[in-house]
A.B. asks: 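Starting off with a structure, shown below.
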Amino acid sequence: MSYDNPYTRAPPVKNAASSSLGASNPLHGWLPRKVYAKQVREAMDGDVNPFTQQPLSESYKKILQARKKLPVFAQMEEFLKMFSENQIIVMVGETGSGKTTQIPQFVCFSDLPHTKGKMIACTQPRRVAAMSVAKRVADEMDVQLGKQVGYSIRFEDMTESGTTFMKYMTDGMLLREAMNDPELSRYSTIILDEAHERTLSTDILMGLLKALAKRRSDLKIIVMSATLDALKFQKYFSVSTDGTPAPLFKVPGRTHPVEVFYTQEPEPDYVEAAIRTVLMIHRAEDPGDILLFLTGEEEIEDACRKIKLEADDLMNQDPDSVGPLVCIPLYSSLPPQQQQRIFDPAPPARTPDGPRGRKVVVSTNIAETSLTIDGIVYVVDPGFSKQKVYNPRIRVESLLVSPISKASAQQRAGRAGRTRPGKCFRLYTEKDFMTELEEQTHPEILRSNLANTVLELVKLGITDLVRFDYVDAPAPETLMRALELLNFLAALDDDGKLTHLGSIMAEFPLDPQMAKMLIVSPEFRCSNEVLTIVAMLSVPNVWIRPPNQRKEADAAKAMLTVPEGDHLTLLNVFNNYMQNKHDKNWAWNNYLSVRALVQAENVRSQLLRIMERFELDLVSTDDQRKLYIGVRQALCCGFFMQVAHKEGEKGAYLTVKDNQVVALHPSCGLETQPEWAIYHEFVLTTKPYIRTVTDVKPEWLLEFAPQYFDMSAFPDGETKRALVRVQSKRARKFEVANGNSKPSDRPVKKARK
DNA sequence: GAGCACTGC
């Protein structure tokens, strides 16, 4: 042993199981966090499951043999020593090292969380990963999933209180837990996996955990990442004031080499070049499947058509040397059944001795992290992806086709080497790779609207948002924009303190505008309807519009459209879906996505539970006219900062205050162009559009958002003149009717003009 | 008269 004998340092901790079973418990006498690899190996090789006292199964023993071959297994001793001696560890492990499954188990053996009523958490950016890894680890530990080993994701808590001590979960879920228990007192060790992906939640968790580690000396933290980011995290989690980096634990991967090729000259048309490269591989390279990265659905479907045509041509011209090629599109909005096609085997040769078939998967970034396809030998990387960008000046998030980072290019190349040595064709020059590509993709926190995040942080008790210890600090303007919005919504007071309303808003997994709208909706007697609308706005687009059936799809949509606004149309769609549940084909016949509608049902019931918790009543009325007006008014209470005013007769709109020229999105179902329109999102595609739009009355805006529509602080222009006209008209009316009473003092329910 | 990179609560 190269470190002190741990037995001399601390008394044994009472082992819950050992009290009754005594020495038959393999963990008897073990000291938490003072455990040797030798002990662990003996326990693993024994006949009794140390965590359940049950006999270990044959399948356990079989899996154990495979686990022992993982690179990380050879480093158990080194890991346990580092874990014993440090509070925070940064760990790098390439793909295939086994870190996600093995390290948490090593921690279980060392930390013995079950003996102290604690848990080990291991966070993942994605739900499927949390679920599938938990399943795998439950098998490896020979326990039932949901007992000692479980997972926790939105809509599904697969854990058992008091039994589960190893919990895989989404990073967002741990953040939610932190909002109600800032000390994260249920956990003795927290492992942040895939930290290099830098999701918003992971970034916030890193900030929280760094501070928490100082308060809770008993808490251990492991940050797992890809190699390139390790030093940054080591420095960030520096343990002492002199800046000594946190210790690094390194595990080699188990992948095959990938040969990388670059183009001689930059390619002016990357889609064309990509198609050409795919066909070149098909004609000239050894058998093996191809993965091509493109940026979006349309580009992918288009490329698939072209590849198919050209490949068929090639095969017909030269059937003796060119085999069949099957082209499979892959992007997230594809139905799961079609996504499964990526796992189909390559097509067989057309004749017994003919050339072998090949499969090409044409994918978005989804194949870079979320999905792995075995058998890929060739990767074609044009070097672009759609990325979210946020412009705080005009408060707009949009998707832009942008060059990828070096880290991303490396990840893409790695996809070729999972089963055997592969090749990666980069459709840019080596010089461009070296000089033009950024090292890392900018973390999400630098590219997002932070309204949600800021509300979460305030709820977490972070008072000084600007000086919070971020791994990468967002632009001050982005924070200001978020604070401003939350202040207008009355979630934060003028000192930036959380209001009672704000603390309820933070409990809803919704954007603050939607949370506000939902919370006020009982006052408008329409919370039942607003709840539905908010759920529908939280799921992917429900409308399906197949390229060859556009007319039919549009006609079906017209049947469900409510002329006063798209929000009401969403309500109508959901209600019709619920009424027609007996008819399995209803959604399909109406060109609607069943998947999205089922998701909306799920979200709706989750939100309803939260409403019940805060005693927000579910109310409605039979008078549809009143109901629709109530919904539109509630909408104004949340989205008053997203209003556009029609300018002139040509259909041009200007956003209120920001004065952006926008057009109604063609998907908009409004009967006429209203003078004042509230919109759910601003999208920047071929030109600036506002999407999901509802007709509102200017009086409502003045009434329900007086601070925002304070004319003394309003930019001059046609919008202001129109609002001032409305205001003076109202004032005259109220003077005539009520003497001096100011409109804003009137109760909400009498607000209708 | 157009889209929906990808996640997550």
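Throughout, a chain's letter reflects where its sequence line sits, starting with A, and its residues are numbered from 1.
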A.B. asks: Roughly how many Å is it from CD in A/E298 to P in B/dC4, rounded to a whole number?
C.D. replies: 10 Å
A.B. asks: Between atom CZ in A/R550 and atom C1' in B/dG3, what is the gap in whole Å?
C.D. replies: 9 Å
A.B. asks: Would you please name every residue forming a salt bridge (Lys or Arg N to Asp or Glu O under 4.0 Å) with A/R395, sequence neighbours left out?
C.D. replies: A/D658
A.B. asks: Quick one, which residues of residues 687-695 of chain A touch DNA chain B with a heavy atom under 4.0 Å?
C.D. replies: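 Hits under 4.0 Å, by residue number: A/Y689, A/R691.
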A.B. asks: Go through B/dC9, B/dA5, B/dA2 for me and flag the one nearest to the A/T170 side chain.
C.D. replies: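 Shortest atom-to-atom distance from the side chain points to B/dC9.
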A.B. asks: Check each residue of residues 666-673 of chain A for a non-hydrogen atom within less than 4.0 Å of any atom in DNA chain B, then write out the ones that pass by number, or none.
C.D. replies: A/P666
A.B. asks: Taking only residues two or more places apart in sequence or in another chain, which ones pass salt bridge (Lys or Arg N to Asp or Glu O under 4.0 Å) with A/E183?
C.D. replies: A/R215
A.B. asks: Would you say the side chains of A/E397 and A/N449 form a donor-acceptor pair under 3.5 Å?
C.D. replies: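 The criterion, which ignores hydrogens and geometry beyond distance, is not satisfied for A/N449 and A/E397.
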A.B. asks: For the side chain of A/E297, starting at C-beta, report the closest nucleotide among B/dC4, B/dC9, B/dC6.
C.D. replies: B/dC4
A.B. asks: Mind checking A/F508 for me? I need base, sugar-phosphate or nothing, with any heavy atom below 4.0 Å counting as a touch.
C.D. replies: nothing
A.B. asks: Output all residues satisfying side-chain hydrogen bond (donor to acceptor under 3.5 Å, both in side chains) with A/T202, sequence neighbours left out; order by chain, then residue number.
C.D. replies: A/D171, A/T199
A.B. asks: How many angstroms lie between atom CE of A/M169 and atom CE of A/M158, to the nearest 0.5 angstrom?
C.D. replies: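 Rounded to the nearest 0.5 Å, the CE-CE separation comes out at 15.5 Å.
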A.B. asks: Run A/Y187 and A/E177 through side chain to side chain donor-acceptor pair (under 3.5 Å) and show every step you take.
C.D. replies: CA-CA 11 Å; A/Y187 303 101; A/E177 285 190 10; 2.4 Å; yes
A.B. asks: Where the side chain of A/R176 is concerned, which of B/dA5, B/dC9, B/dG1 is the nearest nucleotide?
C.D. replies: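 The nucleotide sitting nearest to the side chain is B/dC9.
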A.B. asks: Out of A/Q339, A/Q338, A/E301, which one pairs with A/Y331 under the side chain to side chain donor-acceptor pair (under 3.5 Å) rule?
C.D. replies: A/E301
A.B. asks: A/T364 side chain: which of B/dC6, B/dC9, B/dA2 is closest?
C.D. replies: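 Nearest to the side chain of A/T364 among the choices is B/dC6.
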A.B. asks: Looking at B/dG3, B/dC4, B/dG8, which one has an atom nearest to any side-chain atom of A/N452?
C.D. replies: B/dG8
A.B. asks: Output side-chain donor-acceptor pairs under 3.5 Å for residues 680-687 of chain A, partner residues at least two apart or in another chain, one line each.
C.D. replies:
residue: A/E681; atom: OE2; partner: A/R691; partner atom: NE; Å: 3.0
residue: A/E681; atom: OE2; partner: A/R691; partner atom: NH2; Å: 3.0

